[in-house]
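Each chain gets a letter, A, B and so on, in the order the sequences are listed, and its residues count up from 1.
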Number of protein chains: 2
Amino acid sequence: MAVPAREVRRRVDVLSRALRESGLRLTHQRLEVVREVARSDEHPDVETIYRAVRERVPTISLDTVYRTLATLAGLGLVRRVAATPGPTRYDANTAHHHHFVCTRCGLIRDVDDRGLDAVRAPRSAASLGSVESVEVQLRGICVDCHKKERDHD
Amino acid sequence: MAVPAREVRRRVDVLSRALRESGLRLTHQRLEVVREVARSDEHPDVETIYRAVRERVPTISLDTVYRTLATLAGLGLVRRVAATPGPTRYDANTAHHHHFVCTRCGLIRDVDDRGLDAVRAPRSAASLGSVESVEVQLRGICVDCHKKERDHD
DNA sequence: GTTACTGCAAACTTTTTGCACGACA
DNA sequence: TGTCGTGCAAAAAGTTTGCAGTAAC
């Protein structure tokens, strides 16, 4: 929820425009799914988005949320984040960035850092394929899990 | 399958020993699952391991494979790899390393590189939690997918 | 007015669980 | 021999799909 209002607006705008320009209809349901995914920086899964959207569109169905997110991902407007086992999670931040992943609770936060952006694929990787992006995952224990551990001891 | 025989032996040995030392029984089924995961560097999913093991232990059940891998992962002897959507995949290489991920077919290969090992978490990450490891994902298109594309055009 | 989208329901895939029998230490 | 692990079956969790009605353009 820490995404600045201006950035949320920009994302909703970009997403809405791109849907229209792809000849797709901007339905009430799609708009609300777009709003929800744009406003979150917690890399929510489909169920979480579904529950949030249902507050405003009580009749929306889970499979519409699945379909909308698949559509958006297909257009490259949101990204599937595969950093933890379990349900697929989505990220509306399509700029190049990195992630902190809590191995205990599954929390994922974006990490923006010039130093990490500068990491380049080694030459040896060329034998595997063409590298299109380099993403760094910082794996560890988040502050919340540390706090819980201290409190429970 | 490109894991050197010596390394496979070492892995099977470490895994077997660790199971015993944890007071767990080294059953026929567990041993074969261990062998299978140790011999692969393709980050197989449970179903794949199941099919391979069933060649040698036709009566083994899928849920035993699930349970064995969960046990091994719990002991830190194998790692869940969450780099692609779909079924969870396992990696018997517990040394610090990086991955090349094909965004088209889901292929995952290990990448060993000193330069990538040297990447450090930025100071800013401390506000998110304690970073225990830094893993680099090289995302792109593998040589096989490139070849297929050329052949189909 | 078309055509694409939605909601419902059902199917499918992946993973987990309860229980009784069998096998390891 | 006692206990842990296995296989079977069923359930739970996550995701996809077909179809008929509805709404966007």
Inset, instruction - With heavy atoms under 4.0 Å as the rule, sort B:R67 into base, sugar-phosphate or nothing. - result: base

Can you find a side chain N or O atom of [X] that sits less than 4.0 Å from OP1 or OP2 on [N]?
| X | N | value |
| --- | --- | --- |
| B:S61 | D:dC8 | no |
| B:T27 | C:dA23 | no |
| A:Q29 | D:dA23 | no |
| B:T64 | D:dG5 | no |
| B:T88 | C:dT14 | no |
| B:Y66 | C:dT15 | yes |

Inset, instruction - Report yes or no: is there a donor-acceptor pair, N or O only, under 3.5 Å between the side chain of B:R25 and the base of D:dT3? - result: yes

Inset, instruction - Could you pick out which residue, A:T59 or B:D45, lies toward the 5' side of DNA chain C when each is mapped onto its nearest nucleotide? - result: A:T59

Inset, instruction - Would you kindly compare B:A70 and B:H28 by the position of their nearest DNA chain C nucleotide and give the one closer to the 5′ end? - result: B:A70

Between [atom2] of [N] and [atom1] of [X], the distance in whole Å:
| X | N | atom1 | atom2 | answer |
| --- | --- | --- | --- | --- |
| A:L19 | D:dC25 | CG | P | 10 Å |
| A:R54 | C:dT6 | CZ | C1' | 16 Å |
| B:R30 | C:dA25 | CZ | C1' | 13 Å |
| A:Y50 | D:dG14 | OH | P | 14 Å |
| B:Y90 | C:dT14 | OH | P | 14 Å |
| A:L69 | C:dC5 | CG | C1' | 15 Å |
| A:L31 | D:dA23 | CG | P | 17 Å |
| A:E47 | C:dT14 | CD | P | 19 Å |

Of the listed nucleotides [options], the one nearest the side chain of [X]:
| X | options | value |
| --- | --- | --- |
| B:L62 | D:dT6, D:dA24, C:dT15 | C:dT15 |
| B:R20 | C:dT6, C:dT16, C:dA25 | C:dA25 |
| A:P87 | C:dT6, D:dT15, D:dA24 | D:dT15 |

Legend entry - B:E149 vs B:R104, side-chain contact (heavy atoms from CB on, under 4.5 Å): CA-CA, chis, key distance, verdict: CA-CA 11 Å; B:E149 193 167 279; B:R104 193 152 309 175; 2.4 Å; yes

Legend entry - Minimum heavy-atom distance between A:E135 and B:R139, given as atom pair plus value: OE2-CD, 3.4 Å

Inset, instruction - For residues B:S22 and B:L75, determine if any side-chain heavy atom of one lies less than 4.5 Å from a side-chain heavy atom of the other. - result: yes

Distance-only donor-acceptor check, side chains [X] and [Y], under 3.5 Å:
| X | Y | result |
| --- | --- | --- |
| B:H97 | B:D91 | yes |
| B:S133 | B:H96 | no |
| B:H99 | B:D110 | yes |

Inset, instruction - Identify, between B:G23 and B:D63, the residue whose nearest nucleotide on DNA chain D lies closer to the 5' end. - result: B:G23

